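Please read the structure below before turning to the comments.
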Amino acid sequence: MARMDDVSSVRAGVDARVAAQLEAIGVAQLEAERRGREAAAFLEGAQEVRGEGRDSSGSVRVSVDAAGRLVEVRVDGALDPRFVAAYEQAVADRGARLADVAVDAYGPDSQAARALLEQYGSARERVDEGPSVRGGVLRRPGGSRNPWGKGTL
């Protein structure tokens with residue numbers, strides 16, 4: 001009879017450990033869900049953030065988005081989109097040059113080089129007409145997507 005009691009106590013011990021593990025998993029799941037809701041709320045709120053700066057005379061005002069990208073420039077109260085266009089062109093040029101550096105460093109078949117080339121193109125292969133720049137990113141006719149996608153590295 002002692003052996004049957006031993007089996008019962010082992011089974012009870014296993015059941016208790018499994019129950020404790022399931023409870024821990026449940027607690028971890030609830031914590032992960034809470035953190036996910038918090039992250040989503042932060043990202044949603046961050047989309048609305050704008051920073052503003054003015055020069056000492058107050059005649060120049062600059063607005064940036066949450067990522068620090070230039071979104072508006074006003075000079076003496078007048079909106080001047082030329083600054084934003086020049087900034088976007090500079091960001092795209094930087095991206096194209098980084099793509100060329102990635103090709104040189106990692107090779108044209110590396111994921112990093114392919115992603116940069118897809119998003120920005122190559123500074124070495126520029127043409128006078130064709131792709132346009134919006135949001136600091138090269139946009140080819142017909143549209144192309146970043147192979148890494150939003151929120152991935």
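Only heavy atoms go into these numbers, but all of them, side chains included; no hydrogens, no water, no symmetry mates. Note that this is a predicted model, so its numbers are computed, not measured. All residue numbers in this chain count up from 1 along the given sequence.
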For the [atom1] atom of [X] and the [atom2] atom of [Y], what is their distance to the nearest 0.5 Å?
X     : Y      : atom1 : atom2 : value
Leu98 : Tyr120 : CG    : OH    : 8.0 Å
Ser63 : Glu52  : OG    : CD    : 3.5 Å
Arg61 : Asp80  : CZ    : CG    : 12.5 Å
Gln47 : Leu43  : CD    : CG    : 7.0 Å
Gln89 : Arg94  : CD    : CZ    : 12.5 Å

Would you say [X] and [Y] are hydrophobically clustered, going by side-chain heavy atoms of ILVMFWY under 4.5 Å?
X      : Y      : value
Val71  : Val91  : no
Tyr106 : Leu117 : no
Leu70  : Val49  : no

Could [X] and [Y] be called an ion pair, given the rule that one side-chain N must be under 4.0 Å from one carboxylate O?
X      : Y      : result
Asp104 : Arg124 : yes
Glu33  : Arg35  : no
Arg97  : Asp93  : yes

For a quick test of reading the model, state the closest non-hydrogen atom pair linking [X] to [Y] and the distance between them.
X      : Y      : result
Leu79  : Pro81  : O-CD, 3.6 Å
Ala102 : Leu116 : CB-CD1, 3.9 Å
Ala66  : Ala46  : CB-O, 3.1 Å

_Flag side-chain contact, heavy atom, 4.5 Å: Tyr87 against Val73_ = no
State whether the side chain of [X] and the backbone N or O of [Y] hold a donor-acceptor pair below 3.5 Å, judged by distance alone.
X      : Y      : answer
Asp100 : Ala123 : yes
Asp55  : Ser59  : yes
Arg114 : Asp109 : yes

_Test side-chain contact (heavy atoms from CB on, under 4.5 Å) on Asp65 and Arg50; report intermediate values, then the result._
CA-CA 5 Å; Asp65 65 11; Arg50 293 289 182 264; 3.4 Å; yes
*Counting heavy atoms not belonging to Glu44, are there more than 12 under 6.0 Å from its CD?*
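It does not: Glu44 CD has 12 such atoms or fewer within range.
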*Candidate pair Arg11 and Val14, rule side-chain contact (heavy atoms from CB on, under 4.5 Å), full reasoning*: CA-CA 5 Å; Arg11 180 173 287 154; Val14 168; 5.7 Å; no
